[in-house]
Amino acid sequence: MIAMGDIYDNVMELARRRGFIWPSAEVYGAVAGFIDYGPLGAMMKRRVENLWRDFYIIREGYYEIECPTVGTEAIYVASGHVKGFADKMILCPHCGEYARADHIAEAHGSENAATLSKEALARVIQELPCPACEEQIGSTEVFEFNLMFETTIGPGSQRKGYLRPETAQGIFTDFARLLRFYRNKLPFGAVQIGKSYRNEISPRQGVIRLREFSQAEAEIFVHPEEKEHPTFGTYADYRVPLLGIEQQEKGREPVVATMREAVDAGLVANEYVAYYVALTHDFMVHSGVDPAKMRFRQHLPDERAHYAEDCWDAEIHSGRFGWVETVGIADRTDYDLRAHAGHSGDSFTVFVPYDGVRYETRTRIVPDMGVLGPKYRGKAKAIADALADADPGEDGVEVTVDGERIFIPADTYEVREEEVEVRGEEVMPHVIEPSYGIDRIFYSILEHTYDEEIVEGEIRRVLRLPPGIAPVQVAVFPLMTRDGLDAIARDIVQTLSGRGVLTQYDDNGAIGRRYRRQDEIGTPFAVTVDYETKDDRTVTVRDRDTMQQIRCGIDDLPVMLASLLDGSIEFNALVQ
RNA sequence: GCAUCGAUGGUCUAGUGGCAUGACUUUGGCCUUCCAAGCCAAUAGCCCGGGUUCAAUUCCCGGUCGAUGCACCA
């Protein structure tokens, strides 16, 4: 590798020129935070997503669902996004800068300023200095800026809707149906890949912070007391660099540990979190992310959501942006399900049977409705319900019905000790959530696989993409566009594409130029038809990374290329 | 969003108050028996809106996008 200028500029220049990433709707003036994936970009992104599907759907067995990107207000009130995503902000009247009003207040001693009303907050900060220009803020309006895009549903009704800020909520709101689909057994999980939207105040950093972005999320529902992953063995010995809270506080380097060690040492909260840390690492390496530029950083207590038991971010190092969070893996406990249960009134629990039947003695209060009915009339039912939960004294019990306190004498009910059969319990599952930012992974792959080298005085630009995600897998060239070489090449293209290989034909310009073109878009292999082909039906297969060639019979091509593409043989092994 | 700087064919770039450079790429042709060779030709551009001016890509104002700093940011 040779010294490069700014890698971001080089990568993005290539990405634009060759049709990976374009500014969106350029003809009308692009808007920050939105991008188009061009022909090769869309293909490659889809292949990255499909690789993700291999890991989560095929291997883990979590089915994919697809929910709307528009959701009603109720969903996001329950999820906490209506409140939690709304920042109370001010526009400084002196310098015109935006600032978080609650941050200003808290910096000067007010506690829990975020919970104050807009008006109260405006009063508090009136006499405080603006963080940008230091002028006393004075009288100004505090307004809420919500990161969610708002819309209305239907004409006239003005029913408020939001574009989803994450794909996860769709899985939570489908919980009951998913539970039934998975035949009422924990653990189970569902995944979703799709667009999410956040109206960022000031998106910078190109594709790193977008207003419309692609997420791949898995929500895995587990028993709160059983956080041992059933196939933990797969990754027990897998080593990953872990930057835990302790390492961060002491300014240390990440610890490279196996997942078994990490869990045993208490570095990672449980097997589930550790398992997905390792799986994420595995997935990223398969995608083309450089393992040397990847680490997992644990959320510090003050950045972790209050409900989360543990949270690790997969961070990828970028030459331009430094360490970038690309995946979050969190044990969210039962926060989400509890929130939706509370707001919707539906059940978000799973009935978990015991191994056998258990017998428990329960105290039951049986009211004598023959007395209570005539005496309390309309209130009798409410009183009976209240009695069921009451704790009776010697001569009676006081219950509260509609705010009215009523004393119920002991002779109007009977206290029975009963032995009941208990076959199981209702459990609200905990949620393990690996959440991937696809666009950031996509960019990281481009940056990490991008390479420049000098070959015979010329710069050779290569994307060293894994065959599994390269947008073109095999290029086919006739050495000359005559003497029937082109016809043979086109035949080969037909055969290969018929077998599902992403193949591209090119006969334009000198052969060297064609190799370079394919290098730039990361095509792993190139097949060239030359004059020998006409004699013995053999062609050359050229490897992108080493530029070495081997000869191979046309009829052996499909099988050999398939093995090269799926990694079951190495190109080196075929070179004599 | 504020401040500073920038924006010229697909890419990189020169330059200008009056026909807009050059290179690379791309396309067609010639040549060429394996790594961006050579020759001929073609395609294609002054970010958007307003103002000043006979005339604006150029000067002015506003916007958009990008870079940097500040602020904001799961």
Side-chain angles (χ1 to χ4, degrees), chain A residues 5-6 8-10 12-19 22-35 38 81 84-85 87 89-92 94-101 103-104 130-133 145 147 165-166 168 196 198-206 208-211 213 215 217 299 303-305 308 311 313 320 324-328 330 433 435-437 440 455-462 477-483 485 508-520 526-534 539-544 546-549 551:
Chain A
D6 191 319
Y8 176 82
D9 290 336
N10 292 337
M12 289 308 288
E13 186 268 319
L14 186 146
R16 267 195 303 277
R17 188 161 43 80
R18 300 309 305 269
W22 291 326
S24 191
E26 258 180 310
V27 284
Y28 291 111
V31 180
F34 297 97
I35 55 163
H81 286 98
F85 257 39
D87 298 329
M89 303 192 69
I90 57 150
L91 180 63
C92 172
H94 311 291
C95 63
E97 299 236 0
Y98 285 97
R100 285 278 295 269
H103 284 186
I104 300 174
C130 163
C133 66
F145 181 81
L147 247 32
E166 58 177 27
S196 292
R198 292 180 194 173
N199 201 0
E200 299 283 355
I201 295 167
S202 170
R204 289 269 191 95
Q205 309 171 308
I208 300 297
R209 216 161 118 222
L210 295 169
R211 287 185 166 125
F213 55 102
Q215 283 188 306
E217 294 192 294
H299 275 201
E303 66 182 315
R304 189 170 67 209
C311 184
D313 283 344
R320 164 65 71 88
V324 177
E325 175 211 335
T326 43
V327 182
E433 179 192 75
S435 169
Y436 293 64
R440 290 180 175 187
V455 176
E456 292 174 25
E458 292 271 358
I459 296 178
R460 185 171 89 109
R461 293 191 174 79
V462 197
F477 312 139
L479 188 60
M480 296 291 145
T481 319
R482 61 182 184 215
D483 306 320
L485 298 187
N508 187 284
I511 188 83
R513 182 186 302 271
R514 286 179 255 162
Y515 284 134
R516 292 294 186 273
R517 271 188 206 129
Q518 296 297 333
D519 289 341
E520 219 177 39
V527 170
T528 301
V529 174
D530 57 19
Y531 283 93
E532 259 181 84
T533 310
K534 294 184 72 169
V539 292
T540 64
V541 177
R542 179 257 199 188
D543 175 51
R544 173 196 66 201
T546 60
M547 301 199 291
Q548 284 189 297
Q549 289 177 302
R551 279 209 90 80

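First the proteins, then the strands, lettered A, B, ... as listed; each starts at 1. Below, each value reflects all heavy atoms present in this structure, side chains not excepted, and no hydrogens, waters or symmetry copies.
Taking syn as a glycosidic angle within 90° of 0, rC19(B) qualifies as syn.
At whole-Å resolution of the value, CG in Asn199(A) and C1' in rG1(B) are 13 Å apart. The CH2-C1' distance, from Trp22(A) to rC47(B), rounds to 19 Å in whole Å. Atom-to-atom, CD of Glu200(A) to C1' of rG1(B) comes out at 14 Å; the value is rounded to the nearest Å. Rounded to a whole Å, the CG atom of Asp9(A) is 9 Å from the P atom of rC12(B).
Comparing the P positions of rU21(B) and rU57(B) gives an interatomic distance of 16 Å, to the nearest angstrom. Comparing the same atom, C1', in rA71(B) and in rU8(B) gives a spacing of 33 Å after rounding to whole Å. Across rC47(B) and rA56(B), the matching P atoms stand 15 Å from one another, rounded to whole Å. With P as the reference atom, rA67(B) and rU52(B) are 35 Å apart, rounded to whole Å. Taking the C1' atoms as reference points, rA55(B) lies 32 Å from rA42(B), given to the whole Å. Taking the C1' atom of each, rU13(B) and rU32(B) are spaced 31 Å apart, rounded to whole Å. Nucleotides rC72(B) and rG62(B) have their P atoms positioned 26 Å apart, rounded to a whole Å. With C1' as the reference atom, rU58(B) and rA20(B) are 11 Å apart, rounded to whole Å.
Note that CZ of Arg440(A) is 8.0 Å distant from CG of Leu210(A), once rounded to the nearest 0.5 Å. Rounding to the nearest 0.5 angstrom, the gap separating the CG atom in Leu479(A) from the CD atom in Glu532(A) is 10.5 Å. Arg551(A) contributes atom CZ, which lies 9.5 Å from atom OG1 of Thr528(A) (distance to the nearest 0.5 angstrom). In this structure, Asn508(A) CG and Phe477(A) CZ are separated by 11.0 Å, a value rounded to the nearest 0.5 Å.
Base pairing of rA44(B): no nucleotide in any strand meets the Watson-Crick or G-U wobble criterion (both distances under 3.5 Å). Nucleotide rA67(B) is matched to rU4(B) when pairs are restricted to Watson-Crick or G-U wobble geometry with both distances under 3.5 angstrom. In this structure, rA37(B) forms no base pair with any nucleotide, since neither Watson-Crick nor G-U wobble geometry is met with both distances under 3.5 Å. Remark: rU53(B) base-pairs with no nucleotide in the shown strands. Criterion, Watson-Crick or G-U wobble with two distances under 3.5 Å. When Watson-Crick and G-U wobble pairs are counted only if both distances are under 3.5 Å, rA74(B) pairs with no nucleotide at all. If you check rG9(B) for Watson-Crick or wobble pairing at under 3.5 angstrom, you find it has no partner at all.
The side chain to side chain donor-acceptor pair (under 3.5 Å) search around Asp543(A) returns Thr546(A), not counting sequence neighbours. The salt bridge (charged side-chain N to carboxylate O under 4.0 Å, His left out) check on Glu217(A) picks up nothing, with sequence neighbours excluded.
Classification of Lys534(A) and Asp483(A) as a salt-bridged pair fails, no side-chain N sitting under 4.0 Å from a carboxylate O.
The only member of Arg18(A), Arg542(A), Arg514(A) that meets salt bridge (charged side-chain N to carboxylate O under 4.0 Å, His left out) when paired with Asp519(A) is Arg542(A).
Here Arg320(A) lies in heavy-atom contact (under 4.0 Å) with sugar-phosphate atoms only.
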Just by protein heavy atoms under 4.0 Å, how would nucleotides 24-39 of chain B read 5' to 3' in B, S and -? -SSSS---BBBBBS--
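Across the interface with RNA chain B, nearest-nucleotide mapping of Pro203(A) and Arg209(A) shows Pro203(A) to be the residue nearer the 5′ end.
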